[in-house]
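Structure record follows, encoded as structure tokens.
The model shown is predicted, which means the values in this text are computed figures rather than measured ones.
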Amino acid sequence: SLDTDNQEIVTVWLSENSLAKNEDLQSIVDSFTGRYASWAAYAEEITTECNEIPEHLQFYIDWEKMGRDMSYESNGYVEYAGELWLFEGR
């Protein structure tokens, strides 16, 4: 049985996808990596978590374009209720 948070994750994924043959609901929960306000917010968070960007260079980074490029390479996401929900390996 899934708790309320995990039920929401499964509901979001299934709002735009179907359950694969022999797939269980826990695998959807396990693949969930987070929710973000936008692709730009995701790009900024993942980049700044993994890299130290000198303050004097931060102005030159276009998070919108970086997020757009990231979206081209991802198929494991759902845009739901104005947020971006990411699922790894889906």
_Main-chain N/O of Ser71 paired to Ser74 side chain as donor or acceptor, under 3.5 Å_ =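 A pair under 3.5 Å: no.
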_Suppose we call two aromatic rings close when their centres sit under 6.0 Å apart. Are Phe87 and Trp13 close by that rule?_
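Close enough - the centres of the two rings lie under 6.0 Å apart.
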*Shortest non-hydrogen contact from Gln58 to Ile53?*
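Heavy atoms only, the tightest pair is NE2-O, 3.0 Å.
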*For the residue pair Ala43 and Trp63, what are the closest heavy atoms and their distance?*
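The pair with the smallest heavy-atom distance is O-CZ3, 3.6 Å.
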*asked:* Can you pull out every side chain to side chain donor-acceptor pair (under 3.5 Å) where at least one residue sits in residues 35-51? Sequence neighbours excluded, please.
replied: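 Checked against side chain to side chain donor-acceptor pair (under 3.5 Å) - neighbours excluded - the pairs reaching residues 35-51 are Arg35-Glu83.
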*Same cluster for Tyr80 and Val29 if Ile/Leu/Val/Met/Phe/Trp/Tyr side chains link at under 4.5 Å?*
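Yes; tracing contacts between hydrophobic side chains, which count when under 4.5 Å, links both residues.
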Between atom [atom1] of [X] and atom [atom2] of [Y], what is the distance when rounded to the nearest 0.5 Å?
X: Leu14; Y: Gln7; atom1: CG; atom2: CD; value: 12.0 Å
X: Ile28; Y: Asn17; atom1: CD1; atom2: CG; value: 8.0 Å
X: Thr33; Y: Ile46; atom1: OG1; atom2: CD1; value: 8.0 Å
X: Glu52; Y: Leu57; atom1: CD; atom2: CG; value: 11.5 Å
X: Thr11; Y: Glu8; atom1: OG1; atom2: CD; value: 7.5 Å

*Which is it for Leu19 and Leu25 under the side chain to side chain contact (heavy atoms under 4.5 Å, CB included) test, yes or no, and what are the steps along the way?*
CA-CA 8 Å; Leu19 200 58; Leu25 299 179; 4.2 Å; yes
*Using a cut-off of 6.0 Å, state whether more than 12 heavy atoms not belonging to Glu16 lie near its atom CD.*
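Yes.
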*Show the numbers, then the answer: is there a ring-ring contact (aromatic ring centres under 6.0 Å, His included) between Tyr77 and Trp85?*
CA-CA 5 Å; Tyr77 69 91; Trp85 297 60; over 10 Å; no
*asked:* Gln26: which residues meet the side chain to side chain donor-acceptor pair (under 3.5 Å) condition with it, sequence neighbours left out?
replied: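 With neighbours one apart ignored, the set is Asp30.
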*Please lay out, stage by stage, how Ile9 and Val12 fare under the test side chain to side chain contact (heavy atoms under 4.5 Å, CB included).*
CA-CA 5 Å; Ile9 291 168; Val12 168; 6.0 Å; no
